[in-house]
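Read through the structure below, which is laid out as structure tokens, and then see the notes.
Predicted model only: the values in this text are computed from it and were never measured. The first residue of the sequence shown is numbered 1, and numbering continues consecutively from there. Counting starts at 1 for both ligands and their atoms, following the listed order.
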Amino acid sequence: VTPTRAEALRLDAEDPFREKRALFALPEGVIYLDGNSLGPPTKAALARLETCAEMEWGEGLIRSWDEAGWIDLPRRCGAKIAPLIGAEPDEVLVCDSVSVNLFKLAAALLADAPGAALVVAEDEFPTDMYIFEGLSRFAGRPLLRPSEGGGAPQGRIEIRSCVHYRSAAIADMKAAEAAAREAGDAVIWDLSHAAGAIAIDVKRAGARFAVGCGYKFLNGGPGAPAFLYVAGDCAGRLAQPISGWMGHAAPFDFAPTYRPAGGVARFAAGTPAILSLAALDAALDVYADVDMAAAERKARALGDLFLARTESLSLPSATPPGVRRGAQVGLRFARGCEVMRALAARGIIGDFRPPDLMRFGFSPLCLSYAEVFDAAGALCDVLATEEWRDPRFAAPRLAR
Ligand SMILES: Cc1ncc(COP(=O)(O)O)c(C=O)c1O
């Protein structure tokens with residue numbers, strides 16, 4: 001059944017998150033379907049950036065490390081992300097990028113398992129593959145594909161996405177963890193497209209290690225620091241390779257030798273990026289009262305509405321049939337790049353991933369059903385009229 005706009009408006013009226021939209025600073029006339037790549041700013045994050053720069057830095061100067069609580073920001077942000085992924089507040093640290101956190105965590109696991117190999121699938125997000133490739137060379141350990149058995153007498157350390165960046169398929173974390181434990185393997189979960197988008201429960205799944213982005217659904221801002229989760233009972237035996245002073249048990253003792261901090265705090269390396277952390281810290285407050293199961297349901301419903309309204313286009317979906325889908329929909333069209341540019345000219349922002357994937361993200365807290373209905377209608381129109389053939393939209397590729 002083709003959905004109607006009246007139904008979309010009725011769903012908006014019943015939306016438990018309808019008040020959240022006003023907390024975001026989105027430009028008029030834009031329908032933003034790219035929060036899965038770069039989340040939009042919250043008004044609180046923009047205000048916090050100003051306060052942090054002008055008051056805390058400008059007036060407080062170096063005193064703000066203590067007086068404004070800068071030194072605690074990596075742990076404070078981690079504690080705010082923890083309930084979104086089902087972790088304890090002291091098991092999550094915000095620092096560095098996903099790439100760097102993955103390197104630190106995988107290298108620490110390798111050091112703990114002298115005979116282990118690294119494992120990554122060919123279709124994982126490129127940085128995950130590249131980091132494993134580089135670490136494999138650096139550490140002199142084999143790099144395997146998931147389908148390859150054996151090759152390592154003492155376990156496998158695998159990186160896996162919880163929500164896949166192209167297909168949006170949600171992995172069965174619990175089953176993967178059960179298999180890994182039985183085999184003596186370790187899985188590092190990339191939660192970049194999952195945190196803030198779907199309900200994750202690392203404890204119930206038995207997940208021990210994860211990394212994830214701060215600038216996608218968590219809305220921390222461009223290049224916001226990433227997060228790292230290590231289950232409390234695992235952190236103590238892990239030695240991370242970037243043994244910088246911020247991960248020291250007592251950084252301000254200026255001791256001559258390194259002694260790691262307890263728990264996940266040892267994964268800090270250098271001085272944290274305070275302006276970015278301040279923005280993320282404020283942005284995370286929109287999630288303070290959010291039931292992630294309800295957020296996942298809404299994201300899924302927005303995606304379903306988009307798919308129902310564009311069904312007549314018969315474009316192949318990137319999500320395999322019958323698979324649980326995250327907060328994004330991908331449709332394949334050979335000239336998708338031009339189509340996305342034509343939509344952007346109408347104020348509808350999604351993105352394109354070569355060779356043919358048009359991606360539409362559905363941030364559950366800042367999008368309405370009516371917007372998604374209208375965006376899907378615009379996609380139908382751009383294709384029916386072949387507006388995308390206009391030379392204005394012919395370009396090699398979109399930015400992010
Ligand atoms: C699955 C996944 N992992 C990692 C990253 C980025 O990692 P980094 O923080 O190192 O830029 C992205 C960015 O789009 C991603 O989609």
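Note: an N/O pair closer than 3.5 Å links H193 and ligand 1 by distance alone. Here's the thing with T127: none of its N/O atoms is less than 3.5 angstrom from an N/O atom of ligand 1. Considering backbone and side-chain N/O of F125, none are found under 3.5 Å from N/O of ligand 1. Checked by distance only, ligand 1 and S99 come closer than 3.5 Å through their nitrogen or oxygen atoms.
A ring-centre distance under 6.0 Å is found for F333 and W388.
At least one donor-acceptor pair closer than 3.5 Å links the side chain of R359 to the backbone N or O of Y165. Using a distance-only test at 3.5 Å, with no hydrogens or angles considered, no donor-acceptor pair links the side chain of R259 to the main chain of A250. At distances below 3.5 Å, not a single donor-acceptor pair connects side-chain atoms of H193 with backbone N or O atoms of S161.
The only member of D12, D15, D285, D289 that meets salt bridge (charged side-chain N to carboxylate O under 4.0 Å, His left out) when paired with K20 is D289.
When all heavy atoms of Y229 and A207 are compared, the closest pair comes out as OH-O, 2.7 Å.
Near D190, the atoms of ligand 1 lying under 4.0 angstrom from a non-hydrogen atom of the residue are 1 (C), 2 (C), 3 (N), 4 (C).
Residue E124 does not touch ligand 1, judged by heavy-atom distances below 4.0 Å. Under 4.0 angstrom from ligand 1, there are no non-hydrogen atoms of Y130.
For atom 9 (O) of ligand 1, the candidate residues are N36, V98, D128; the nearest heavy-atom contact is made by V98.
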